[in-house]
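A quick write-up on the structure given underneath.
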Amino acid sequence: MSDATATPAELHGHEDHGHEDHEAHYGVPGYDPTASKMGMWLFLFTELLLFGTLFIVFAAYFYKFPTYFMEASSSLNIPVGGFNTVVLLTSSLTMALAIAALQRGNVKLSVKMLNATIGFAVLFCIVKAFEWGGKFEHGIWPGSDHVSAMEFGQQVFYSLYFVMTGFHALHVIIGAGLILWVKKRTLNGTISQERLVLMENIGLYWHLVDLVWIFLFPLYYLIS
Amino acid sequence: MSSDTAMPDLPETNYINAEKGLKSWLTTIDHKRIALMYLIAIGGFFVVAMGLGFMMRLELLNPGEQFLDGAAYNRVLTLHGVIMIFLFIIPSIPAVFGNFCLPIMLGANDVSFPRLNLASWYFYIAGAIVALFSVAAGGVDTGWTFYVPYSANTDANVMLPMFAAFLLGWSSILTGLNFIVTTHRLRAPGMGWRQMPLFVWGIYATSWIAVLATPVIGITLVLVLIERYMGIGIFNATMGGDPILFQHLFWIYSHPAVYVMVLPAMAVVSEIVPVFSQKRIFGYRFIAMSSIAIAAIGSLVWAHHMFTSGMADEGRIIFSFLTFFVSVPSAVKVFNWLATMYKGSIKVDPPMLFAFAFIFLFSIGGFTGLLQGALSVDIHLHDTAFIVAHFHYTMFGGTGVMFFGAMYYWWPKMFGRMYNRTMAYVGFAMFFVGFNTLYFPLFIAGLKGMPRRYADYLPEYHSYHALSTVGSWIMVTGILILFANLIWAIKRGKRAERNPWGGATLEWAVASPPATHQFDGPPEVGEPYDYKIPHLGDDESAGSGADEGKA
Amino acid sequence: MDAAAHDTHDAHDEPHLTPYSVYVGIWLALIALTGVTVLASVVDMKHQAIFVALFVATAKSTLVVLYFMHIAFENRVFWWFLLSAIATFVIFVLLTFADYAYR
Ligand SMILES: [Cu+2]
């Protein structure tokens, strides 16, 4: 297809499912992977700005309380954070491979890679849960008495730490759910070598989750 | 509006009567039907919020307490602001006329993601329900800006309106996303970026702001909620937080939101002015690019709302300086509209009157805005009635007026019926006179020190307030006449031609009202502002003005 | 670009096939950069540490965006989209600091 008209009209053959139609209509949006991807990227921008806002908040307070932030940062466990970084990076790899495999028509490998991605996501959450649990044991949670007794800078650090990693973990969980859904649709053939934009889009979402962590990790763990 | 037999002279099946029953509306994915559903909801909320404003004016008729005490006044004021901003002005033109016209103007049969489009409507309705529910739960007294620390401490239930704003934010993000993709992917063959109507350019620029700025307010409101319910201090100064940071984040969205409100209004003016001058738009590219420029520069100036809140001096000077720039692209538009009218054969039909009103009122609003952009002046004007007058001139005199203008321009297309002209003129005249009587005195009262958001005032401000309240009576009467005329037209209006105004954009090439699939095949795409090509509508209206204009 | 042309015309109907090995290579680079940033944090650099960390994180995310997210092979219009989004965010940061940096 070379121009705009061809897009909806030509692709009409594989009309979006669940949208019954009797005869070809001009200009009815059908399967247009470029449009879907464009929509997904725009959605990712909202996520980018959402986390971006949290990073602005972080930056403003880091600028205000540099020493307290560094002190509090040293209470976070670098090996654990590093391990989780590797887990997420690897899950990004398996996600990319799942798409690459399906592009080559290798459904089996694709599903295996999706399974691996979900596995890594769960592993990430487990590690995160232990990490948070460790903090709770030390009486550190949002609004706890122990935190409220700290210096302002440290209070803000821990507040932001829980809010930002919490939001990120929420995205990991949602992402894992979406990948599970994609896996089901790959198995029943709704997502296939010819129609894989949905998998690509969920992949994009997953990589964004990875991107956020790429910044969260050094900013929280490595500034001490 | 699902009436069928009453319209024997209308196209037998059109998008309105294609399917029947409430369910067919609530599950529709036709962009035109979704536009109508927005119109009903948005119009309804406008009337409600107008009633609240009317009540505030009545309370202010005389000094002392009339029928609202201070607390009640605060709640009415917050509700008026929240409904007007979030439920009316922000969605108004894009959700109704963007949905209706943008695909048709591009030569497409729908938006790129029709089901997402319907979902946006449900987000809007959900947000609206939560907002109304918050009233039932006792109302909120924070004002629509939800400033901390008050919003984090007040006894009122802030959770609900904030959640409502969050849902409404998603509605406008998803609508914007849809319009951007549609503009990129569904243009008819031959419709390059330079053949796009300026309305589409305006909506396109608006959509980008909605997508990039709305998430900021979304997460900020969530942070306030977390702060409120988990007892942490992100913005709380007693726990190390910085309340001014909230103001930054709030205005990072809310100043660009001003352009989400006004860019679509300008886009409608850019359609109406050339059509009723029957002259090709002057400076097409400048108008198109100024929309993008407004979107870009508009995101650089937010902190001019915070000059008195304790920012660093250097920051204040930088933002004051940047604010002056944002008026340049707006002025570019005004000059181009005037140049379009120059030596045109101007037809003063009702839509054109609204465009005139926009240019007049928005210029006043814009210039007074420039005054506040100047740091030294703003220190005096901040939080006075001057500000109230200013933003009513820009938002209501701008967006509100062009929402009416768009209705009077596209109504014959949407319903295939023409309204009564005389009543349109009467309604417009009362509206315009009432508007200025209502808001202009507030400039003077504000200059003399009348603070905003107060339920009471000293006797020396009495004459301004009394005049203003009388203005509100005239204006509301005018608006009710304008609305009644339109509603009357749906049932009883004269059959409208396909192209009553002699427009050259594609919506005038399809039936009135359009069929569900308005285009059977790729439409013939011409220049959107070339009125000499008689291929659209009836020859009479399409050809007439252009030659005279050359004289 | 002629006026009628579509900005997102698909040059290739076939999806761009990236060899598996490229993905693995990018992954190795990402792991290596993670190692670098952790090691750098051990070195005492006072206030420069944050900039080193941000620099490495930016490098890592560039790799992810270009290869895992396919921006390197995507249509030009996607570049512009991403560029505007990032520019918007950078502007928000810089102008917020027009206040904070002077307080
Ligand atoms: Cu502003």
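In the text below, chain A, chain B and the rest are named by the order of the sequence lines, each starting its count at 1.
If you measure heavy-atom distances from B:Leu223 to chain A, the contacts under 4.5 Å come from the side chain alone. Residue contact with chain A, scored on non-hydrogen atoms closer than 4.5 Å, involves the backbone of B:Ala237 exclusively. Interface remark: B:Leu212 contributes backbone and side-chain atoms alike to the contact with chain A (heavy atom separation under 4.5 Å).
If you check the side chains of B:Tyr15 and B:His31, you find no donor sitting under 3.5 Å from an acceptor.
Between chain A and the residues B:Leu249, B:Val181, B:Val222, the largest count of heavy-atom pairs under 4.5 Å involves B:Val181.
By a heavy-atom distance cut of under 4.5 Å, A:Phe152, A:Gln155, A:Val156, A:Ser159, A:Leu160, A:Val163 are the residues of residues 152-164 of chain A near chain B, going up by number. Of all residues spanning residues 169-181 of chain A, none has a heavy atom less than 4.5 Å away from chain B's heavy atoms.
For B:Asn14 (side chain) and B:Pro514 (main-chain N/O), no donor-acceptor pair under 3.5 Å exists by modelled atom type.
Here the straight-line distance linking atom NE2 of A:His207 with atom OG of A:Ser92 works out to 5.0 Å at 0.5 Å rounding. Rounding to the nearest 0.5 angstrom, the gap separating the CD atom in B:Gln195 from the CG atom in B:Leu506 is 11.0 Å. Rounded to the nearest 0.5 Å, atoms CD (B:Gln247) and NE2 (B:His305) are 11.0 Å apart.
Partners of B:Thr238 under the side-chain hydrogen bond (donor to acceptor under 3.5 Å, both in side chains) rule, at least two apart in sequence or in another chain, are B:Asn236.
Test A:Leu89, A:Thr85, A:Leu88 against A:Ile214 for side chain to side chain contact (heavy atoms under 4.5 Å, CB included) and you get one pass: A:Leu89.
Crowding of B:Tyr229 atom OH: a count of heavy atoms from other residues, nucleotides or ligands under 6.0 Å exceeding 12. No more than 12 heavy-atom neighbours from other residues, nucleotides or ligands sit within 6.0 angstrom of CZ on B:Phe163.
Cation-pi check for B:Arg33 over B:Trp121 is not met; the charged atom does not lie both under 6.0 angstrom from the ring centroid and within 45 degrees of its normal.
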Below 3.5 Å, can you tabulate the donor-acceptor pairs from side chains in residues 54-62 of chain A to any protein atom, sequence neighbours excluded?
from: A:Tyr61; atom 1: OH; to: B:Ile234; atom 2: O; distance (Å): 2.4
from: A:Tyr61; atom 1: OH; to: B:Asp242; atom 2: N; distance (Å): 2.7

